[in-house]
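A short worksheet on the structure shown next.
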There are 2 protein chains.
Amino acid sequence: MSVMATNKQPVAPRYLEDLKVGDLTETGEFTLTRELIRSFAEQYDPQPMHLDEEAARDSVFGELVGSGWQTLAVTMRLVVDAHLLGGTPLVGASFGDVRFHAPVRPGDTLRASVEVTAVRPSKSRPERGFVDMRVTTRNADGVTLVTQTWSLVVPTRT
Amino acid sequence: MSVMATNKQPVAPRYLEDLKVGDLTETGEFTLTRELIRSFAEQYDPQPMHLDEEAARDSVFGELVGSGWQTLAVTMRLVVDAHLLGGTPLVGASFGDVRFHAPVRPGDTLRASVEVTAVRPSKSRPERGFVDMRVTTRNADGVTLVTQTWSLVVPTRT
């Protein structure tokens, strides 16, 4: 996929009332090249296991792997491109329970799935609410790399 | 600060036995320029509020703000550069309770503090254990942007 922003076309917004528990979104895919792994690591996570093949062989991973933060960032990109809430912006209130099950490797193609687990109107602010989601990121072999939960702020239709 | 990897000098590793509850690490600083905000957003979070001044004015933020994922990535960079565990690599088992208190703005200079909240030997694998930490990221005015908890895998001295 392109690494530039591609979601320029107008998309209708989705509101709190449009979402329900069990809603499932499957994203497209994103291939994490060696070059992308290196450029992210140089900027945000400059540890030898992400930058240097030889040093990575001596690490607990035994080979060069991408930063876990990059797997999370790529997951966000996948979900943005999937228009999870249509034209409604994705605004996170909190994330939780982020678990790293397996590292990402150069050339891995990632996909994510997002399942709505709760829809919660705000008690104090009727113009918005919260939507809880379980987010799973897998590689092309179907191996789960990262799981996490999101709580997004979503406007109501009123 | 430089945006290139700077921690090339050898640093002695720290082990599980070297860490105790209450240990506090204050990092250096990282300034998030408009250019860095844009390049991260183009790659990982291409939403209008991170890319376009005019669209951002119509968003809930009222101005252009950086991606929350970038605030998290910058926090990692700060902690890596602070040699939190000396020469021991930072390997995350899980992260939790990530809360976004305030958005990051172009030109903000970030700092992080990391406090050890638990040191837990592994029951099944004596060669390693887990260290839980509370991580707080602030801007130059001392405003808290993000709080989170980390559980890192740390080798024992044996």
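Residue numbers begin at 1 in each chain, while the letters A, B, ... track the order of the sequences. Small disclaimer: the values here were computed from a predicted structure and weren't measured.
Side-chain N/O atoms of A:Asp132 and A:Ser151 include a donor and acceptor closer than 3.5 Å. For the 3.5 Å distance criterion, the side chains of B:Thr147 and B:Thr136 fail to qualify, holding no donor opposite an acceptor.
With a threshold of 4.5 angstrom between heavy atoms, A:Met49 approaches chain B through side-chain atoms but not through N, CA, C or O. With a 4.5 angstrom heavy-atom cutoff, A:Ala93 touches chain B only via backbone atoms.
By number of non-hydrogen pairs under 4.5 angstrom with chain B, the leading residue of A:Val74, A:Asp97, A:Leu90 is A:Leu90. Between chain B and the options A:Ala73, A:Gly96, A:Gly92, the largest number of non-hydrogen pairs under 4.5 Å is found for A:Ala73.
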side-chain hydrogen bond (donor to acceptor under 3.5 Å, both in side chains) assessment of B:Tyr44 paired with A:Gln70: CA-CA 9 Å; B:Tyr44 298 111; A:Gln70 188 171 22; 2.9 Å; yes

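Separation of the A:Phe95 and B:Trp69 ring centroids falls under the 6.0 Å cut-off.
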